[in-house]
Every structure is written in structure tokens, then in C-alpha cells.
There are 2 protein chains.
Amino acid sequence: MTKPIHITQNCQPLTTTQFKRYTHQNRMLVAVDCIIFGFDGTHLKLLLIKRGFEPQKGRWSLMGGFVTAEENIHQAAARILKQLTGLTDIYLQQLAAFGDPHRDPTERTVSVAYFSLIDINQYEEQISHDYSAEWFPLKKLPSLIFDHKEMIEMAKEKLRYKAAFHPVLFELLPEKFTIPQLQTLYEDVYNKILDKGNFSRKILSTGLLIRQKDKEKNGSKKGAFYYKLDKRKYQLKFNSFLNFIPNPEVQVK
Amino acid sequence: MTKPIHITQNCQPLTTTQFKRYTHQNRMLVAVDCIIFGFDGTHLKLLLIKRGFEPQKGRWSLMGGFVTAEENIHQAAARILKQLTGLTDIYLQQLAAFGDPHRDPTERTVSVAYFSLIDINQYEEQISHDYSAEWFPLKKLPSLIFDHKEMIEMAKEKLRYKAAFHPVLFELLPEKFTIPQLQTLYEDVYNKILDKGNFSRKILSTGLLIRQKDKEKNGSKKGAFYYKLDKRKYQLKFNSFLNFIPNPEVQVK
DNA sequence: TCAAAAGTGTTGTCCTTACACCCATGT
DNA sequence: ACATGGGTGTAAGGACAACACTTTTGA
């Protein structure tokens with residue numbers, strides 16, 4: 001069995017006056033992997049693809065790709081996200097860099113994981129076929145390649161942590177939504193039943209929501225008012241501490 | 001002026017049966033940079049080095065280094081931290097990956113920033129000479145190379161965010177410390193005067209501290225009791241939400 | 001004895017929780 | 001009419017900020 005060779009070390013370093021390169025250093029691939037969250041009205045889900053190329057062809061995986069020479073890492077993540085979902089201007093946040101020497105057995109690759117929250121209704125069905133993509137409930141994830149499981153675990157923790165204080169979960173909902181829908185989302189994220197009265201007051205007290213004239217009538221006879229985010233206040237208050245969850249017991253490293 | 005050439009792309013990819021490498025991809029350097037916090041009893045400080053090599057020789061910089069072929073990123077950060085401080089088993093947390101294509105004009109380098117909290121008294125004076133290292137108060141930082149300023153800003157935010165809920169600032173203090181010393185630390189981190197009565201009660205109510213028999217007598221005539229961390233409870237409660245700061249208004253992206 | 005910092009007591013306010021209750025409406 | 005979920009009222013309890021007060025001791 002041949003060991004992979006670090007080809008870059010065989011290359012002669014350039015040494016022009018202006019642009020010395022660092023010599024004797026090990027160059028490696030840098031990738032991004034996207035943890036894409038969606039909410040179908042009942043459960044939080046992840047969008048995974050069936051890997052169409054070697055190695056590990058046919059196994060489930062996060063959507064990922066290599067960072068190119070011209071782009072920064074965030075741009076790479078946005079590009080990858082668009083490739084799979086067709087969406088731009090999406091909530092997209094860096095999670096962490098994963099760099100175990102053998103995480104990808106093919107070749108040393110450092111992967112920067114990003115997590116994103118999308119409105120599952122906006123997602124283009126079409127594209128999912130090209131990538132054999134599928135939404136999986138968080139509790140029923142398939143076996144995944146490399147360290148993707150670990151990435152997802154970290155993303156879940158981070159989401160819970162963030163959502164306990166910041167109104168980030170709105171990113172998962174359509175433009176118009178009801179408070180009971182929002183509550184279901186929180187309940188699924190924290191796996192915890194919340195008191196509807198207290199929840200509704202807490203959410204409304206943030207002043208982030210604007211009540212609409214119409215109601216959603218599928219969930220109940222009475223119907224629940226639709227709300228929209230007040231985009232301006234949302235931007236403004238995003239970083240303040242809003243304490244959405246009573247006694248959060250999120251564990252984060 | 002010659003443009004830097006992406007040498008790796010000129011290399012022929014290996015294609016043995018067992019170990020295909022990814023073809024046509026751009027390989028790059030991966031570095032770590034360490035944001036090292038210390039507390040001198042009055043102010044929070046950062047340990048910076050005067051860069052001893054080109055490019056930008058002689059300018060101030062975070063301590064950093066390249067990730068080698070055999071180690072993971074965290075190990076690289078721990079190695080770099082030990083190189084400069086002589087310390088191991090230090091609080092060391094990944095902050096974020098920085099990957100602007102031109103952040104290091106020499107050559108495309110992705111840097112993973114780590115931040116660490118050390119007891120400034122444990123720091124070995126000796127080593128600082130080899131690296132021309134110096135402690136700078138956060139409010140009087142010198143001009144720094146590359147994007148190091150941005151890394152530091154992010155680290156400050158992260159530290160404030162984390163310390164508002166988790167007892168992480170203890171990492172900056174010696175084994176024995178007094179509550180007024182701890183309060184000074186919090187006050188410097190949040191640039192905010194705290195009520196001593198409320199602060200002391202809040203800290204003690206966590207149950208993390210064990211009172212010692214002896215007192216520190218320099219700060220006052222009466223003297224303040226020394227405390228030690230209850231290591232077991234510290235581990236146990238580290239991730240729960242303890243709310244150290246009234247109305248935190250930390251801004252984090 | 002007095003100044004200065006450590007530490008304790010006390011009180012009013014605000015927030016939260018738990019849960020009872022009312023509301024609207026499709027069947 | 002009644003079941004069902006949406007939404008409001010409310011009282012008890014707890015947490016917390018503000019600040020007055022007591023303690024200790026070196027000079």
C-alpha cells in the first residue's frame with residue numbers, strides 16, 4: 001500500500017524579490033461543509049446529499065466543496081449553499097474548522113463547517129434531484145462520511161445556544177407565520193414543552209413581530225393570527241439578550 | 001511585479017488505485033494564531049510578539065505558526081502556545097478561521113485563530129526575550145500585521161460573551177485569589193463598575209469557590225479572604241448558565 | 001480615632017411561572 | 001352545543017439592583 005505523498009513539498013519554492021513564499025511548509029486542501037437546517041412545521045431537519053463521487057461514493061454527506069484561489073471562506077460556503085439550494089442571502093455562520101490529519105483519508109483536508117438556516121419552502125425541489133439530496137429529521141440521521149456527524153452535533157449545540165438568547169430561529173420560518181408555529185419550532189429545537197401563554201407574551205414583548213390582518217385556519221377553528229418580522233427591529237435587536245428559553249441547559253464546549 | 005504562482009497546481013496529481021488525491025484543487029497553507037489573554041491584577045492584557053522574520057519583520061503580531069502534516073489544528077495551537085509561554089494544559093478555544101485570499105500577501109494562507117487564557121504569573125519571563133514578546137493592555141494595542149486586529153476584536157467579543165454566562169475568567173487568576181480581585185477582573189473585561197455586595201453574593205452563590213483560612217492584606221487593612229476554585233464543581237457547572245453580568249450588552253455576530 | 005476596603009442586611013421592583021379562564025369557530 | 005386550540009388574566013415566588021449598614025485593622 002502506497003502512502004499519499006505530500007506533493008507540495010517536492011515543488012521548488014519561488015523566491016523573487018517581491019514575493020517570497022514560505023518555504024518548507026505543508027500546503028493542504030481547504031474545504032467548506034454546510035450544515036443546512038430547515039423546519040417543516042413539525043420537526044427541525046437537515047439537508048444531506050448522497051455523495052456522487054469517490055471516495056465514499058453513495059454515502060450520505062454534508063454538502064461541501066473546496067475553497068478556490070479567488071474566494072474567501074465565507075464566499076465558498078455561500079457558493080456551495082447556493083449550488084444545492086438555489087438560495088442567496090441566507091443566514092450563514094461559521095461554525096468551526098475541523099482539521100484532523102486523517103479526517104479525509106484521501107488527502108489532508110481542513111474543512112471549515114458553516115451552518116445555515118433556510119426557509120424549507122423556498123428550497124428548490126429541482127436541485128435536490130441533481131445531488132440526490134434529502135431532508136432528514138435530526139433524530140433520524142443516516143450514517144455519514146468523515147467527521148460530518150461531529151460537525152452536525154456541534155451545529156446543533158450552537159444553534160440551541162444561540163437561539164436561547166437571539167431571535168435566530170425566525171430564519172427558518174416563511175415570511176408569514178403564527179406564534180403557535182413558532183412555538184412548535186422552539187419546542188422541537190429544545191425538546192421541551194413550553195407554556196403557550198408565557199411563550200406568546202415573551203415573544204411579543206420583544207417587539208419584533210407585526211401582527212397581520214389575516215389568520216391561519218388549518219391548525220384550529222379559531223385560527224391564529226399571522227405575524228411578520230419587523231426587519232428593522234430584528235436587525236437592531238438581534239444581538240441583545242432576549243432569553244427565549246427558561247432555564248436553558250445547553251451544553252457547549 | 002510578478003504575481004505569486006500557485007505552484008501546487010503545476011504538480012501532477014498522484015493516481016494510484018488506493019490513494020487518489022483530489023485533482024485540480026488549490027492547496028494552501030494553514031496556520032494558527034493565538035490570542036493570549038492575561039490579567040495583571042488591574043487590566044486585561046494580550047501577549048504579542050515582535051515578528052522576527054519577513055514579511056513585515058519588526059512589526060507586532062499574534063504568535064502563530066503553520067499547521068504541520070502530522071498534527072491537528074488544536075495541537076498546532078497548543079504547540080505554538082507552549083513555544084511562547086512554556087505552558088501546557090491551558091484554556092485554549094478555537095475562535096474562527098480567517099481566509100481572505102490576500103490576508104497574507106506572501107501567499108494564500110488560511111489562519112485558524114485560537115484564544116487562550118493564562119495566569120500571567122505562570123508565564124515564563126525568559127521566553128519572552130527570545131520572541132521579543134510583550135504584554136499590551138487591550139486599550140493600548142500597537143498596530144498589527146495582516147488581519148490580527150480583527151482576530152483580536154473577535155476574541156474580545158467572544159470572551160465577553162462567554163464570561164457573561166460561564167465561569168471562564170477564573171482561568172486568568174492564580175490558584176488563590178480574592179473576590180475583590182475577581183471583581184476587578186470582571187470590571188475591566190466589561191468596562192463597567194459592579195456593586196461589590198451583589199457581585200460577591202452572585203459569585204459565592206454558584207458554589208464554585210472554597211474559602212481559605214488566610215487573607216490577602218495588601219489591598220486593604222481588613223484584608224480579603226483568599227478563595228480557591230472547587231475544581232470538580234467547576235468542571236460540572238462550566239456549561240450551565242450562571243449570569244455573571246447584569247444586563248449584558250455584548251455584541252456578537 | 002479615623003479612613004478605607006471587606007463584607008452583610010434589607011427593601012422595593014421587576015420578571016417569570018403556573019395555571020385558570022375566556023374566545024372564536026368548524027363540525 | 002361542544003370540542004379544540006388561540007389567546008388573556010393573575011397571583012405567588014424568586015431574582016436582582018440599589019444602597020445602607022457593620023466589620024476589621026493599619027496608620
Side-chain angles (χ1 to χ4, degrees), chain A residues 41-42 163-165 167 173 176-188 190 192-228 237 240-249, chain B residues 41-42 163-165 167 173 176-188 190-228 237 240-250:
Chain A
T42 315
F165 301 109
L173 295 173
K176 278 167 48 174
F177 55 88
T178 68
I179 292 187
Q181 283 167 0
L182 183 64
Q183 183 174 344
T184 308
L185 171 53
Y186 273 89
E187 290 181 339
D188 193 58
Y190 292 96
K192 191 173 188 173
I193 302 297
L194 303 174
D195 181 277
K196 59 182 172 166
N198 297 334
F199 181 80
S200 144
R201 261 187 302 254
K202 190 175 272 188
I203 293 293
L204 291 176
S205 75
T206 63
L208 295 175
L209 296 190
I210 305 169
R211 195 165 95 174
Q212 306 298 295
K213 298 255 165 59
D214 49 340
K215 285 185 163 189
E216 193 273 340
K217 311 276 279 183
N218 294 326
S220 70
K221 333 235 149 147
K222 183 177 176 183
F225 279 107
Y226 277 117
Y227 286 83
K228 282 188 183 176
K237 291 199 179 182
S240 49
F241 287 87
L242 298 170
N243 241 318
F244 289 107
I245 299 300
N247 305 315
E249 302 200 7
Chain B
T42 315
F165 301 110
L173 294 173
K176 278 167 51 173
F177 55 87
T178 68
I179 292 188
Q181 282 168 0
L182 183 64
Q183 183 173 343
T184 307
L185 172 54
Y186 273 90
E187 290 182 339
D188 193 58
Y190 291 96
N191 198 28
K192 193 174 189 172
I193 301 297
L194 302 174
D195 181 276
K196 60 182 171 163
N198 296 335
F199 181 80
S200 144
R201 261 185 302 255
K202 192 174 268 186
I203 292 294
L204 291 176
S205 76
T206 62
L208 295 176
L209 297 190
I210 305 170
R211 196 165 94 176
Q212 305 303 120
K213 299 252 164 63
D214 48 340
K215 285 185 162 188
E216 193 275 336
K217 310 275 278 183
N218 295 325
S220 72
K221 332 236 151 146
K222 184 177 175 183
F225 277 108
Y226 278 117
Y227 286 84
K228 281 189 184 177
K237 290 200 177 181
S240 48
F241 287 88
L242 297 172
N243 242 315
F244 289 107
I245 299 300
N247 305 313
E249 300 201 7
V250 189

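The basis for the numbers below is simple: all heavy atoms, side chains too, and nothing from hydrogens, waters or symmetry mates. Each chain gets a letter, A, B and so on, in the order its sequence line appears, and its residues count up from 1.
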Separation of atom CG in N218(A) from atom C1' in dG6(D), rounded to whole Å: 14 Å
Aromatic ring proximity F177(A)/Y227(A), centre distance under 6.0 Å: no
Close side-chain approach of K215(A) to K222(A), heavy-atom, < 4.5 Å: yes
Rounded distance in Å - CG (L194(A)) to P (dT16(C)): 14 Å
Approximate separation, where rounding is to 0.5 Å, of S205(B) OG and N198(B) CG: 11.0 Å
Whole-Å gap separating P (dA18(C)) and NZ (K202(A)): 11 Å
Any donor-acceptor N/O pair, E216(B) side chain to N218(B) backbone, under 3.5 Å: yes
Separation of dG6(D) C1' from D214(A) CG (nearest whole Å): 16 Å
Heavy-atom protein contacts under 4.0 Å, nucleotides 4-14 of chain C, coded B base, S sugar-phosphate only, - none: -BBBBBB----
Results of side-chain contact (heavy atoms from CB on, under 4.5 Å) for T206(A) - residues two or more places apart only: L208(A), L242(A), F244(A)
For K196(A), all residues meeting salt bridge (Lys or Arg N to Asp or Glu O under 4.0 Å), sequence neighbours excluded: none
Short side-chain N/O contact to dG26(C) OP1/OP2 from K217(A), under 4.0 Å: yes
Nucleotide dC19(D), atom P - distance to CD1 of I193(B) in whole Å: 15 Å
Nucleotide dC16(D), atom P - distance to CD1 of I203(B) in whole Å: 12 Å
